Trainee: 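Next up is a structure, given as structure tokens.
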Amino acid sequence: MKRIEAIIKPFKLEDVKDALAEIGIDGMTVSEVKGYGRQKGHSELYRGAEYVVDFLPKIKMEMIVDGKDVDQVTATIVEAARTGKIGDGKIFVSDIEQIIRIRTGETDVEAI
Amino acid sequence: MKRIEAIIKPFKLEDVKDALAEIGIDGMTVSEVKGYGRQKGHSELYRGAEYVVDFLPKIKMEMIVDGKDVDQVTATIVEAARTGKIGDGKIFVSDIEQIIRIRTGETDVEAI
Amino acid sequence: MKRIEAIIKPFKLEDVKDALAEIGIDGMTVSEVKGYGRQKGHSELYRGAEYVVDFLPKIKMEMIVDGKDVDQVTATIVEAARTGKIGDGKIFVSDIEQIIRIRTGETDVEAI
Amino acid sequence: MLEADFKYVIDTFFTLFSMVLIIFMVPGFAMLEAGLVRTKNVTSVLTINVMIYAVASLAFLLIGFDLAFGSWENDSMSIWAAFMFQMAFVGKTINIMSGGVSERVRIFPLAIFAVIMGGIIYPTVVNVSWGADMIAGTFLDLNMYDLAGSTVIHSTGGWALLAAILIMGARRGRYKNGKVRVIPASNIPLVVLGAFLLWIGWFGFNGGSVGSISSVQNADLVAKTIMNTNTAGLAGALIAGFIMYMRYKLFDITMILNGALGGLVAVTAGPDLYDMYTPILIGMIAGSLVVFAVPLFDKLQLDDPVGALSVHLVNGVWGTLAVGIFVDSISFMDQLKGVVVVAVFAFSVSFVVLFVINKITRFRAEDDAQLEGMDVNECGVEAYPEFKRAI
Amino acid sequence: MLEADFKYVIDTFFTLFSMVLIIFMVPGFAMLEAGLVRTKNVTSVLTINVMIYAVASLAFLLIGFDLAFGSWENDSMSIWAAFMFQMAFVGKTINIMSGGVSERVRIFPLAIFAVIMGGIIYPTVVNVSWGADMIAGTFLDLNMYDLAGSTVIHSTGGWALLAAILIMGARRGRYKNGKVRVIPASNIPLVVLGAFLLWIGWFGFNGGSVGSISSVQNADLVAKTIMNTNTAGLAGALIAGFIMYMRYKLFDITMILNGALGGLVAVTAGPDLYDMYTPILIGMIAGSLVVFAVPLFDKLQLDDPVGALSVHLVNGVWGTLAVGIFVDSISFMDQLKGVVVVAVFAFSVSFVVLFVINKITRFRAEDDAQLEGMDVNECGVEAYPEFKRAI
Amino acid sequence: MLEADFKYVIDTFFTLFSMVLIIFMVPGFAMLEAGLVRTKNVTSVLTINVMIYAVASLAFLLIGFDLAFGSWENDSMSIWAAFMFQMAFVGKTINIMSGGVSERVRIFPLAIFAVIMGGIIYPTVVNVSWGADMIAGTFLDLNMYDLAGSTVIHSTGGWALLAAILIMGARRGRYKNGKVRVIPASNIPLVVLGAFLLWIGWFGFNGGSVGSISSVQNADLVAKTIMNTNTAGLAGALIAGFIMYMRYKLFDITMILNGALGGLVAVTAGPDLYDMYTPILIGMIAGSLVVFAVPLFDKLQLDDPVGALSVHLVNGVWGTLAVGIFVDSISFMDQLKGVVVVAVFAFSVSFVVLFVINKITRFRAEDDAQLEGMDVNECGVEAYPEFKRAI
Ligand SMILES: Nc1ncnc2c1ncn2[C@@H]1O[C@H](COP(=O)(O)OP(=O)(O)O)[C@@H](O)[C@H]1O
Ligand SMILES: Nc1ncnc2c1ncn2[C@@H]1O[C@H](COP(=O)(O)OP(=O)(O)O)[C@@H](O)[C@H]1O
Ligand SMILES: Nc1ncnc2c1ncn2[C@@H]1O[C@H](COP(=O)(O)OP(=O)(O)O)[C@@H](O)[C@H]1O
């Protein structure tokens, strides 16, 4: 089983979730993160002093999938999350050794 | 060394933490995440319009443990976090290659 | 490619980020987490009752780097994040199999 | 001491008291709107409220008051108190309008509009309704009874808002493929605080509009006006809560408060004329109108984040007509004529002015700016920079 | 102008002024309670505050005022002003009670209770204490001195709360294996704002209860009442801060504010009778009582998230007795009798009414609903949907 | 009724009314400052505001009033009303000072200072400016015109703040290697709410300082004072918004509000003496001064998180001098002398007192405590424990 993590722009969450639902991915865990990369932050003003906000809000989606689905899932994410502008984000794939569903105790592929 | 991640219901945090403390796990990192799965969100109302809140609040606990402790830890979590109702969450185990304790520079099993 | 995760004290974020920028790391994803470890929380007061806040605010920095850079990166983090007091945090290194840059579709080392 | 002097002193004091209550509506509107919009637009909405107060009040001081009342004279109380009381009203019409176009409107063109509204449009409406009356004797001459402005303030603001929504369009992403995306309020305590500051301000708004408290008869009139004002608010809240509970088994606080405000708007035209039970009826109808109007405007894709059309426009009209219905001595046709003449004037003039300003410097922020939030783009200051935004 | 007319005008105005200050207590209670409960219950608490104001006030208008005062007549000021002043009080007793059962109480049964409290129970207490007095001449006849309601308002609300806590029980998870789980306030600025709105409202509450400002003597009495009211609040805050600092080397603001409110409650029975130093003593004792009562009630597992028992019940009793202690012309036994009679009446009637309502539609939300939060389950509206909740 | 009695009643009522408005400044300052500091210091700032009100007011009651006015007598209104009005002022000077040292100052020594400021320093300034005047006849005798305290309140507080900043130093990490680290406000709605409560309070502050409303002439004077006060605030807000927009194309709300407050401070010395247009000029200069002073003080590394030096000190001085410039009958040199004498007295005495207290129990929290936040270290109570703090 593989873990797919995607760092995307916040307003793309809805689209990506819907696209993934269409290909049958219906479990995922999402969190708000801050990103630092080529896309630069904006400058803000406070009582006459300007300063730069470095970190940009991003969404991190994590889903554990069966190894054979990885390519389809990443392709789906890339398509749904792309705006073509800098800061669209990245996808990271890594290995997961074991999964357990707490409610039932099922493990591995059955627990996805 | 292994990374154990558990996605649980927020109000189970206290119980799971205590159960883990009892078996000697005393380092962990916790964060609030939103979950999307079989457990469906609730509907809310706003000025006469109903809408569905898809994402449910969950807690993600992460702990790095010695490989030989994995089974005991996951069993402990399953027991403490289970309510038997849908949405109890999942546990994911993966591999960690290296650990460093910043304060001392200790590495690997000593740094857990 | 490797994933380097560092759990650090919040007020060290700026220093660590600057130190990493100097050695050419300019992509990372950051989130606020709560830590539980040897460093104990503080006690708070509420209407005449004291209670302990267990979880301490920490920052988690995640960066995916080329395997050959791991040692330099971890050394840089250790140096910039250390205060010598308990609770300085930890670094975890694990393996990443695949990276995709959403904007361009580039993969792996080009996508870092 | 002369009786006239006594009256002068008391009525000056009473007018200052009423004015202070109305000024509480400035933070009232600000908190209400700041609570109703998304966190990324809160600073911008607050800045608009502050700038409107500053700009429209100064415009009214420099030109509007003269235009509305013809002269700086007053025998029955200090002219400065009379001025302050009138000045306290002027921002309201613009607040009503600005609230309804929040989360997309740019501040600079809105400030320009505030100058014109506070300096010219609103004073003209006052002139023909309450003031010097430049159309007296013409076929447009109004005999409408409108004690404290169901039409003069609330509908005028509402018509200006309708014009503004037509020109600026809906918020980015609000209507997608014919479906409405619900955008919930971000801070309910602020909404409640704002609504109650408005409610309390209304006591000064309506009570002060009686114009004098310095005789037994006027004292009764003022007290009854305040009581009836309050009663209509209570009834509006109650009925809105009741309808929501019947339908959804849930108490939607934002709708309950809009119901209360609707009741307050509706009673404003004639609180001094009603007996103590009529405001219950007026408020209940007002609250029901709000509950049905809010989704209706959404169906028409008139995007109004704070419900100002339902509260101020619909109930401004209803309240003005209600005087003609419930009070024998008042002609329904006079009320209707007032509603229509002010509607035509306020809507068309606002539309033209907004249209022209919009050509010069567009009102609506770009989609990207809306996405990032008006605060960063218009003010450079986030409202809650340390609070983590949830998904 | 006749002197009587002058007095009528001034006292009408003054009563309206006092009433407005009391109405500030509506957002005052709302903000205080919204700040003290957890974020998941904030909308619900706010909705309760709004519904109480709407429901209880209308009930008082339709039946309660008649029951309390026997008639709609008043020679010394406008009856509408007199009504509004009394109406402003009625919600308070219920607010006191609703605050103490927050985070578990359902809104619908509470609204039913508000009708009965505002329409019947509270008016009856007023009747026998301040009003038409239907028990005059019987052995229950009260001679208690209670200017603005240490007993009539605060203890009455407190006894109703005690009954409510006994019937509804503690919040889920509050007492586990005999240990108290601390549940901290979620928004301290709201707590402070609410406390100060209450404080300011108290000036109207107590000052207005003097009943007239229109003679030199009454003007002095009103001013002294307000001054003494304020002084007791100051002393209550100070002593609470002092005790906390001595014990913990920390300034617990929620306790300091509860101390201030305790002082205000305690002085309310006789602020017009004290010299300028006595309120310091009364306030200090009140503040100390709060500091000791809060943990005591927790030991008794009477779960009161806002500290209303300690503030309103304990100090309502203390304040009423204090008049008997510090004022020569007032009999301690009369005060005690008043405290006891009202206690027995308010507690037993509230208990029975709450018990019956509870049989019909239970007050307490299910554990699961409490876990998810009252907001989602009762209102469908989260208070801060965009703010990420911390662990 | 005697005319004198009538005046007594009216002026007592009016003074109570003004006093209530001023008390709204207590939550006003509290909300403003709570909104401007970081979330980790919010409870501490609020606690300071509450403790100052309690401590300084009691000190003024017990010793300060006597010291300032020589006796507890008043023929023209109730002495209790007169006291309450004066008491409402006393906390302000300390609020000004405490706001400017937030995020590092410890509460306990500040409370000690509040006793001395409220009991002695401020009453002495009042004594020589408005009160019994113990230096009458000496070469220091002041003829400064300062209706409501541009100098007596605002500069006095400002000088005390300057002394405090010199003694306590900047916040940890504020100036690093000669560079300024920007620390933005954490809650903009609170800032706006606070600013408007202050603004409304100012009507009582300045209007009430006229001292009487009970004749036609005084009624005019009061109304004009309030109008001019408001106008200067409007002008200050407008010009600050204008300058920011010209420079950055952004509307920085915190600067706009500081501009408004600056205008209000500046007009406070003579709002009764100006015609209706002069306050526009005074407010515009005040607003501009704020915009330029804020970065200037930062360049001087005088770390003032709320901008109190720019608002209160700079404009207290400007406003006092303005009376000498714009009003023919007032001598500029008398105004200047007043500014200088009060400056020397307030700064030097505050400095000595702060210095001594600082030796006994240091004012400044340790760096580690500042890092963790004053709330946890001084109060034990977090302001927003359930809200997740962003990076
Ligand atoms: N090496 C990295 N490790 C972890 N996260 C990264 C890395 N590089 C980029 N990111 C994340 O991806 C986001 C987008 O990257 P950025 O360089 O801004 O633009 P692009 O995606 O167009 O290359 C960043 O905000 C950050 O959250
Ligand atoms: N494939 C997955 N990848 C990542 N997280 C998942 C996955 N499936 C479920 N989760 C997480 O686990 C939580 C519980 O899953 P859910 O399907 O609702 O119920 P259950 O745990 O009873 O199977 C989800 O809210 C989500 O956070
Ligand atoms: N085994 C672990 N797994 C995951 N996170 C850990 C683990 N041990 C420690 N941490 C994280 O590191 C932080 C610091 O650890 P702590 O034991 O307090 O001090 P130190 O870093 O000095 O050893 C913790 O707050 C926690 O977030």
Side-chain angles (χ1 to χ4, degrees), chain D residues 1 4-6 8-13 15-17 19-20 23-24 26-27 30-31 34-35 42-44 46-51 53-55 57-58 61-62 72 77-84 87 107-108 111 187 190 193 375 377-390, chain F residues 3 6-7 10 13-14 17 21 38-40 184-189 191-193 195-197 199-200 203-204 207 213-216 218-228 230-231 233-238 241 245 248 250-254 256-257 260 276 280 384 387-391:
Chain D
M1 181 176 253
D5 289 1
F6 162 76
Y8 190 98
V9 166
I10 296 291
D11 285 334
T12 298
F13 182 6
T15 299
L16 290 173
F17 167 69
M19 176 276 294
V20 165
I23 301 292
F24 272 107
V26 178
M31 295 301 115
V42 167
T43 302
S44 162
L46 291 166
T47 307
I48 287 172
N49 275 277
V50 174
M51 289 307 282
Y53 182 56
V55 168
S57 302
L58 271 180
L61 179 114
L62 292 172
W72 285 79
M77 70 176 74
S78 170
I79 180 67
W80 315 118
F83 166 77
M84 281 301 286
M87 187 211 75
I107 300 174
F108 182 72
N187 193 326
L190 289 186
L193 176 64
D375 291 0
N377 282 283
E378 291 281 304
C379 306
V381 177
E382 286 179 74
Y384 309 107
E386 290 187 49
F387 294 89
K388 185 151 179 182
R389 220 174 271 169
Chain F
E3 185 171 328
F6 161 76
K7 283 173 173 289
I10 297 290
F13 182 5
F14 173 65
F17 166 68
L21 296 188
R38 281 168 290 178
T39 50
K40 64 181 175 181
S186 66
N187 193 325
I188 300 295
V191 176
V192 174
L193 177 63
F196 271 109
L197 292 180
W199 194 318
I200 290 170
F203 296 161
I213 199 176
S214 64
S215 68
V216 168
N218 280 340
D220 276 339
L221 219 52
V222 167
K224 199 177 161 201
T225 292
I226 291 177
M227 173 179 168
N228 281 344
N230 187 58
T231 302
L234 300 172
L238 197 64
Y245 192 71
Y248 304 100
L250 290 170
F251 292 97
D252 178 339
I253 180 80
T254 59
I256 293 172
L257 293 172
M276 66 183 267
I280 300 180
Y384 308 107
F387 293 90
K388 185 151 179 182
R389 219 173 274 168
I391 293 167

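Just so we're on the same page: letters track the sequence lines, and every chain starts at 1. Model, not experiment: these values are computed from the prediction. Reckoned from all heavy atoms, side chains included, excluding hydrogens, waters and symmetry mates.
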Trainee: Heavy-atom distance under 4.5 Å to chain D: side chain of Ile213(F), backbone, both or neither?
Mentor: both
Trainee: How close do Ala219(F) and Thr12(D) get, heavy atom to heavy atom, and via which atoms?
Mentor: O-CG2, 3.8 Å
Trainee: With rounding to the nearest 0.5 Å, note down the distance linking CZ in Phe251(F) to CD1 in Ile107(D).
Mentor: 5.5 Å
Trainee: Nearest 0.5 Å, what's the CD1-CD1 distance between Ile226(F) and Ile23(D)?
Mentor: 10.5 Å
Trainee: If you define the side chain from C-beta out and look only at heavy atoms, does anything of Val50(D) sit under 4.5 Å from Leu257(F)?
Mentor: yes
Trainee: Only pairs of heavy atoms separated by less than 4.5 Å count here; which of Gly380(D), Ala4(D), Ser78(D) has the most with chain F?
Mentor: Ser78(D)
Trainee: Does the side chain of Pro189(F) reach to within under 4.5 Å of the side chain of Tyr384(D), using non-hydrogen atoms?
Mentor: yes
Trainee: At a 4.5 Å cut-off on heavy atoms, which part of Ala195(F) comes close to chain D: side chain, backbone, both, or neither?
Mentor: neither
Trainee: Could you grab the distance from atom CH2 of Trp72(D) to atom CE of Met276(F), nearest 0.5 Å is fine?
Mentor: 3.5 Å
Trainee: Between Ile256(F) and chain D, which part of the residue has a heavy atom less than 4.5 Å away: side chain, backbone, both or neither?
Mentor: side chain
Trainee: Please rank Asp5(D), Val381(D), Leu46(D) by heavy-atom pairs under 4.5 Å with chain F and give me the top one.
Mentor: Leu46(D)
Trainee: Output the distance between atom CZ (Phe6(F)) and atom CD1 (Ile10(D)), rounded to the nearest 0.5 Å.
Mentor: 5.0 Å
Trainee: Parallel, tilted or perpendicular for Phe387(D) and Phe387(F), by the 30°/60° rule?
Mentor: perpendicular
Trainee: Could you tell me if the side chain of Leu197(F) sits less than 4.5 Å from the side chain of Phe24(D), heavy atoms only?
Mentor: yes
Trainee: How close do Asn377(D) and Leu250(F) get, counting heavy atoms only, and between which atoms?
Mentor: O-CD2, 3.3 Å
Trainee: Which atoms of Phe14(F) are under 4.5 Å from chain D, going by heavy atoms: the side chain, the backbone, both sets, or neither?
Mentor: both
Trainee: Less than 4.5 Å to any heavy atom of chain D: does that hold for the side chain of Asn230(F), its backbone, both, or neither?
Mentor: side chain
Trainee: Is any side-chain heavy atom of Met31(D) closer than 4.5 Å to a side-chain heavy atom of Val192(F)?
Mentor: yes
Trainee: Is there a side-chain contact between Phe13(F) and Phe17(D) in this structure, where contact means two heavy atoms from C-beta onward sitting under 4.5 Å apart?
Mentor: no
Trainee: Let me confirm one number: the CE-CG distance from Met51(D) to Leu234(F), rounded to the nearest 0.5 Å.
Mentor: 11.0 Å
Trainee: Distance from Thr231(F) atom OG1 to Met84(D) atom CE, nearest 0.5 Å?
Mentor: 7.0 Å
Trainee: Is the closest side-chain heavy-atom distance between Ile280(F) and Leu61(D) below 4.5 Å?
Mentor: yes
Trainee: Do Asp220(F) and Tyr8(D) have side-chain heavy atoms sitting under 4.5 Å apart?
Mentor: yes
